[in-house]
2 protein chains.
Amino acid sequence: MSRRDSVRNRERLVTSAREVFAEHGFGATLDDIARHAGLGTGTAYRHFPNKHAIAAEVLRDATEQIVVDAEEALAIEDPWDGLVQFFQRTASRQATDRGLYETLTGQGDDDEQARIWPRIVASVTELFERGQRAGAIREDAAPQDVAAVFAMLGPAFAMSRTIDPELWRRYLALMLDALRPGHPPLPVPPPPAAALDTILRSSKK
Amino acid sequence: MSRRDSVRNRERLVTSAREVFAEHGFGATLDDIARHAGLGTGTAYRHFPNKHAIAAEVLRDATEQIVVDAEEALAIEDPWDGLVQFFQRTASRQATDRGLYETLTGQGDDDEQARIWPRIVASVTELFERGQRAGAIREDAAPQDVAAVFAMLGPAFAMSRTIDPELWRRYLALMLDALRPGHPPLPVPPPPAAALDTILRSSKK
DNA sequence: GCTTAACGGAGATCCGCTCTCCGGTTACGA
DNA sequence: TCGTAACCGGAGAGCGGATCTCCGTTAAGC
């Protein structure tokens with residue numbers, strides 16, 4: 001049987017990783033995580049072969065929540081309200097969890113992004129098209145634009161971190177206003193749906 | 001007197017730097033620039049003590065253009081048309097010049113940003129407030145939001161690079177629609193004007 | 001042609017991150 | 001209570017990527 005301290009330290013590491021990734025993003029070091037947990041690096045590497053392994057464990061919960069957000073949004077009768085709730089909840093999570101933003105956005109753990117992405121896309125597309133059929137969303141927008149909106153919120157999250165934790169709500173509201181009907185037609189067609197996965201990976205080298 | 005080949009090589013380096021910074025951003029290496037110019041690293045370091053020095057020379061022209069854009073926009077009678085032209089021209093420059101975006105956004109050369117920033121802010125504030133007085137811009141927007149909009153366009157520029165060079169126009173149009181009057185009030189006040197310089201530095205460590 | 005400034009690029013140096021190794025410590029069973 | 005296996009900690013080896021130097025070679029200018 002395994003020792004009590006070993007079990008306890010593993011938990012501490014996971015908790016620490018959650019906090020460190022949230023605050024400093026995926027660029028954080030396993031050493032950082034260990035130190036933040038009050039443990040040595042050796043201990044960290046005994047429990048997890050590398051950063052990827054511990055990240056996988058931490059990220060799964062966070063990304064899974066996004067899917068839940070989308071499903072809960074679909075349960076709301078009013079299509080626009082549903083979309084707004086989805087955006088707000090999901091954005092709120094990303095505003096306080098830099099690692100989550102990076103993962104969804106293709107700047108973090110590729111495997112986890114690949115795993116969760118199709119499921120998010122499926123739900124969001126449904127949510128979006130429902131809103132569009134109901135006339136709550138402008139005709140010339142496309143589901144792909146949702147991904148773009150989240151990508152563009154990234155800098156807003158960064159500003160929130162240094163200026164005012166709630167600032168991102170202002171810019172999300174701005175984007176939502178733009179998605180309403182009653183605007184002149186958009187000048188360029190949306191990116192092809194097939195490019196959806198590439199959309200956010202773009203900032204990569 | 002200095003040798004002709006020396007003069008020629010210096011020019012080649014500057015041209016090369018312009019191209020390399022535009023394509024790969026400020027993270028590019030002096031070695032990269034030298035190789036792209038078809039010259040050796042030693043040559044690069046003889047002409048410029050470090051990356052900062054050559055960047056300063058290259059960036060000045062590019063940032064200066066932004067100021068010109070703003071002034072030209074002020075010369076247009078219709079306040080809204082002026083603002084749109086400013087956004088389109090300046091965004092167009094940034095879409096094709098990654099180094100320029102990074103500089104304006106505080107992810108590149110800090111000195112050059114500090115140098116040009118006040119002048120851009122002055123012009124843009126005037127441009128923006130003129131539009132607002134004319135009722136072309138929603139009441140609850142603020143000049144600071146312009147900086148935020150440019151920050152948020154960053155991911156759109158990245159997408160343009162990999163998907164379609166003109167794609168950023170779609171998302172700029174989206175943001176401009178949102179700046180028009182006739183929307184529900186924004187939920188959070190704009191960042192303080194004093195935070196303007198910090199706004200974009202946010203993505204930094 | 002000769003002198004000498006300028007060139008080129010291999011490699012020294014630095015830096016930050018990843019991961020290992022092993023002496024010291026501690027939990028747990030007998 | 002004691003012995004031992006399991007676990008801990010953190011110094012530092014290894015690695016990769018960037019910056020910058022050094023010096024033998026090249027060619028411009030007279």
Side-chain angles (χ1 to χ4, degrees), chain A residues 1-17 19-21 23-59 98-99 102-103 107-112 203-205, chain B residues 1-17 19-21 23-59 98-99 102-103 107-112 203-205:
Chain A
M1 70 176 285
S2 71
R3 283 167 51 158
R4 256 208 311 288
D5 56 346
S6 175
V7 173
R8 189 202 44 181
N9 282 342
R10 191 183 197 283
E11 277 164 13
R12 280 193 188 168
L13 283 167
V14 172
T15 304
S16 172
E19 293 167 4
V20 172
F21 283 140
E23 181 163 357
H24 300 292
F26 197 73
T29 283
L30 243 198
D31 287 38
D32 294 338
I33 294 169
R35 212 161 348 96
H36 184 252
L39 300 171
T41 21
T43 307
Y45 279 93
R46 194 161 333 93
H47 285 288
F48 302 93
N50 50 48
K51 188 165 73 174
H52 177 88
I54 195 168
E57 185 148 339
V58 163
L59 289 174
R98 205 167 147 185
E102 290 175 1
T103 301
Q107 301 167 278
D109 186 307
D110 289 352
D111 291 354
E112 180 59 19
S203 57
K204 280 264 192 73
K205 177 58 146 335
Chain B
M1 69 176 285
S2 69
R3 282 167 49 160
R4 226 182 279 118
D5 57 344
S6 174
V7 174
R8 181 189 38 124
N9 282 342
R10 190 182 197 284
E11 277 165 14
R12 282 192 186 168
L13 283 167
V14 172
T15 303
S16 171
E19 293 166 4
V20 171
F21 283 140
E23 181 163 357
H24 300 292
F26 196 73
T29 282
L30 243 198
D31 288 41
D32 295 339
I33 294 169
R35 210 156 348 97
H36 184 251
L39 300 171
T41 18
T43 307
Y45 279 93
R46 195 162 331 94
H47 285 288
F48 302 94
N50 49 48
K51 187 165 74 175
H52 177 89
I54 195 168
E57 186 149 339
V58 164
L59 289 174
R98 206 168 146 183
E102 290 175 0
T103 302
Q107 300 167 278
D109 186 305
D110 289 353
D111 291 353
E112 180 59 20
S203 57
K204 280 262 193 75
K205 180 51 149 335

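What you see below is based on every heavy atom in this structure, not just the backbone, and it leaves out hydrogens, waters and symmetry mates. Letters A, B, ... are given to chains in the order of the sequence lines, protein chains preceding strands, and every chain is numbered from 1.
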(message) Are more than 12 heavy atoms, taken from residues, nucleotides or ligands other than E23(A), located less than 6.0 Å from that residue's CD atom?
(response) no

[X] [atom1] to [N] [atom2], straight-line distance once rounded to whole Å:
X	N	atom1	atom2	value
R10(A)	dC8(D)	CZ	P	12 Å
L30(B)	dG9(C)	CG	P	16 Å
D5(B)	dA6(C)	CG	P	8 Å
H24(B)	dG17(D)	NE2	P	16 Å

(request) State the CZ-OG1 distance between F26(A) and T103(A), to the nearest 0.5 angstrom. (result) 6.5 Å

(message) Can you list everything that forms a side chain to side chain contact (heavy atoms under 4.5 Å, CB included) with E57(B)? Sequence neighbours excluded, please.
(response) R10(B), V14(B), F48(B)

(message) Which residues pass the side chain to side chain contact (heavy atoms under 4.5 Å, CB included) test with R8(B), not counting sequence neighbours?
(response) D5(B), R12(B)

(request) Could you list by number each residue of residues 33-43 of chain B showing a heavy-atom separation from DNA chain D of less than 4.0 Å, or answer none if no residue does? (result) none

(message) Tell me which residues in residues 44-52 of chain A lie within less than 4.0 Å of DNA chain D, going by non-hydrogen atoms.
(response) R46(A), H47(A)

(message) On a heavy-atom basis, which atom in L59(A) and which in G99(A) lie closest, and how many Å separate them?
(response) CD2-O, 4.3 Å

(message) Under 4.0 Å from OP1 or OP2 of dT19(D): is there any side-chain N or O of T29(B) that close?
(response) yes

(message) Is there a side-chain contact between N9(B) and the phosphate of dA6(C), meaning an N or O under 4.0 Å from OP1 or OP2?
(response) no

(request) Describe the nucleic acid contact of D31(B) in one word from base, sugar-phosphate, nothing, applying a heavy-atom distance below 4.0 Å. (result) base

(message) Looking at R3(A) and dA6(D), is any side-chain donor or acceptor paired with a base atom of the opposite kind under 3.5 Å?
(response) yes

(request) Could you check which of dC7(C), dC8(D), dA27(C) has an atom nearest any side-chain atom of R4(A)? (result) dA27(C)

(message) Under the rule for salt bridge (charged side-chain N to carboxylate O under 4.0 Å, His left out), what residues qualify as partners of E102(A), not counting sequence neighbours?
(response) R98(A)

Atom pairs and distances, side-chain donor-acceptor, residues 30-47 of chain A, under 3.5 Å, sequence neighbours left out:
| unit_1 | atom_1 | unit_2 | atom_2 | d |
| --- | --- | --- | --- | --- |
| D32(A) | OD1 | R35(A) | NH2 | 3.4 |
| D32(A) | OD2 | T29(A) | N | 3.0 |
| H36(A) | ND1 | S16(A) | OG | 3.2 |

